[in-house]
Amino acid sequence: LMPGIDWTRLRADNEIRPTNGSRLSLELRGANDALVSDTTFVQAIAQGKWIWSLPRGRRVLVRGQVGATAKRDFEELPAAGRFFAGGDDSVRGYGFESLGPRDAEGNVIGGSSLATGSFELEQPLRERWSLAFFVDSGNAFEGSRVDAQTGAGIGGRWQSPLGPIRIDLARALDGDGRDWRVHVSL
């Protein structure tokens with residue numbers, strides 16, 4: 001049992017395709033072994049995204065996410081309570097949840113903390129089409145040292161009537177795997 005509470009504030013000049021705006025959210029969640037849980041911990045997760053317009057229809061998008069866990073014993077923290085990084089909405093260029101602390105066999109086990117960030121420049125091409133250049137960085141970690149992994153790439157954007165469809169081609173800039181990855185977001 002992991003109850004939580006969250007708060008979100010959205011300010012945008014257009015909810016489907018903003019040219020200026022921000023979205024901020026804060027989530028607090030936790031568990032207690034005295035209340036139908038196997039472990040006790042408290043987590044805080046903060047996320048933000050900011051969009052600014054530039055001349056000629058260009059947009060700058062900046063996003064960040066941080067998370068921290070207060071716990072007695074990390075080994076008792078379930079996988080659903082651990083932080084992972086990598087993927088479409090995290091660090092592009094890396095597989096979904098492929099970043100974070102690893103066990104002795106090299107398996108990603110997640111961390112008690114998270115820090116990720118992204119910078120993106122979007123250039124319009126046609127009425128509903130645009131091109132984006134981006135850099136993402138961050139990781140899930142244990143303790144206070146972030147071993148940030150960085151990915152960068154290029155993407156196409158189509159503004160559908162229901163919202164943006166993104167197709168990104170990204171490459172990991174750190175680590176062993178430097179293959180190009182395709183990321184699709186609807």
Side-chain angles (χ1 to χ4, degrees), residues 1-12 15 18 21-52 60-120 134-153 166 168 170 172-177 181 183 185-186:
L1 182 64
M2 190 170 52
I5 187 169
D6 62 67
W7 167 85
T8 301
R9 184 192 80 193
L10 175 65
R11 291 186 178 168
E15 288 187 24
S22 64
R23 182 182 68 219
L24 301 173
S25 66
L26 177 63
E27 179 182 1
L28 297 171
R29 63 186 184 184
N32 190 300
D33 55 10
L35 299 172
V36 197
S37 291
D38 295 333
T39 188
T40 298
F41 68 92
V42 175
Q43 283 185 331
I45 304 162
Q47 298 182 64
K49 182 175 182 179
W50 297 267
I51 299 172
W52 297 279
V60 172
L61 296 88
V62 176
R63 66 174 163 79
Q65 180 179 25
V66 293
T69 306
K71 79 242 175 276
R72 283 190 276 185
D73 185 6
F74 177 75
E75 300 301 321
E76 293 180 8
L77 192 61
R82 295 180 184 192
F83 293 110
F84 298 86
D88 301 343
D89 291 318
S90 180
V91 182
R92 290 168 285 189
Y94 295 88
F96 177 69
E97 295 187 349
S98 66
L99 296 176
R102 297 179 180 272
D103 63 14
E105 288 83 42
N107 301 313
V108 180
I109 59 171
S112 62
S113 299
L114 175 74
T116 64
S118 178
F119 176 84
E120 186 170 310
F134 59 85
V135 175
D136 302 338
S137 191
N139 209 339
F141 56 98
E142 189 61 29
S144 60
R145 186 175 173 272
V146 181
D147 180 22
Q149 301 295 300
T150 302
R166 304 181 329 195
D168 296 326
L173 302 179
D174 301 303
D176 298 331
R181 300 185 67 87
H183 298 275
S185 301
L186 307 175

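Just so it is clear, the structure is predicted and the values come from calculations on it, not from any experiment.
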(message) Please determine whether a side-chain nitrogen of the Lys or Arg among Asp6 and Arg29 lies less than 4.0 Å from a carboxylate oxygen of the Asp or Glu.
(response) no
(message) Using the rule given for side-chain contact (heavy atoms from CB on, under 4.5 Å), can you reason through Ser37 versus Leu1, listing the C-alpha separation, both sets of side-chain angles and the distance that settles it, and then say yes or no?
(response) CA-CA 5 Å; Ser37 291; Leu1 182 64; 3.8 Å; yes
(request) Measure the CG-OH distance between Leu173 and Tyr94 for me, rounded to the nearest 0.5 Å. (result) 6.5 Å
(request) Would you check if the side chain of Ser22 reaches a backbone N or O of Trp50 as a donor-acceptor pair within less than 3.5 Å? (result) no
(message) Between Asn139 (side chain only) and Phe141 (backbone N and O only), is there a donor and an acceptor less than 3.5 Å apart?
(response) no
(request) Could you grab the distance from atom CD of Gln43 to atom CZ of Arg82, nearest 0.5 Å is fine? (result) 11.0 Å
(request) List in chain and number order the residues that pass side chain to side chain donor-acceptor pair (under 3.5 Å) with Ser25, two or more places apart in sequence or in another chain; answer none if no residue qualifies. (result) none
(request) Look up atom CD in Gln65 and atom CG in Leu114, then write down how far apart they are to the nearest 0.5 Å. (result) 5.0 Å
(request) Answer yes when Asp89 and Arg166 have at least one side-chain N-carboxylate O distance shorter than 4.0 Å, and no when they do not. (result) yes
(message) Filter on salt bridge (Lys or Arg N to Asp or Glu O under 4.0 Å), then keep only pairs touching residues 32-41, sequence neighbours left out; what's left?
(response) Asp33-Arg72
(request) Find out whether the Lys NZ or Arg CZ of Arg181 is both under 6.0 angstrom from the six-membered ring centre of Phe96 and within 45° of the ring's axis. (result) no
(request) Determine whether more than 12 heavy atoms belonging to other residues, nucleotides or ligands lie under 6.0 Å from atom CZ of Arg9. (result) yes
(message) Looking at Gly4, is its backbone amide N or carbonyl O close enough to the side chain of Glu27 to form a donor-acceptor pair, meaning the two atoms are under 3.5 Å apart?
(response) no
(message) As a test of understanding, state which of Val135, Leu61, Val62, Val60 forms a side chain to side chain contact (heavy atoms under 4.5 Å, CB included) with Glu120.
(response) Leu61
(request) Drop me the distance from Ile51's CD1 to Arg23's CZ, to the nearest 0.5 angstrom. (result) 8.0 Å
(message) Main chain of His183, side chain of Asp168: is a donor-acceptor contact present, judged purely on distance under 3.5 Å?
(response) no
(request) Keeping the roles fixed (side chain from Arg92, backbone from Asp136), state whether a donor-acceptor pair exists under 3.5 Å. (result) no
(request) Could you tell me the separation between the CG atom of Leu24 and the CH2 atom of Trp7, rounded to the nearest 0.5 Å? (result) 5.5 Å
(message) Could you measure the distance from the OG1 atom of Thr69 to the CZ atom of Phe74? Nearest 0.5 Å is fine.
(response) 8.0 Å
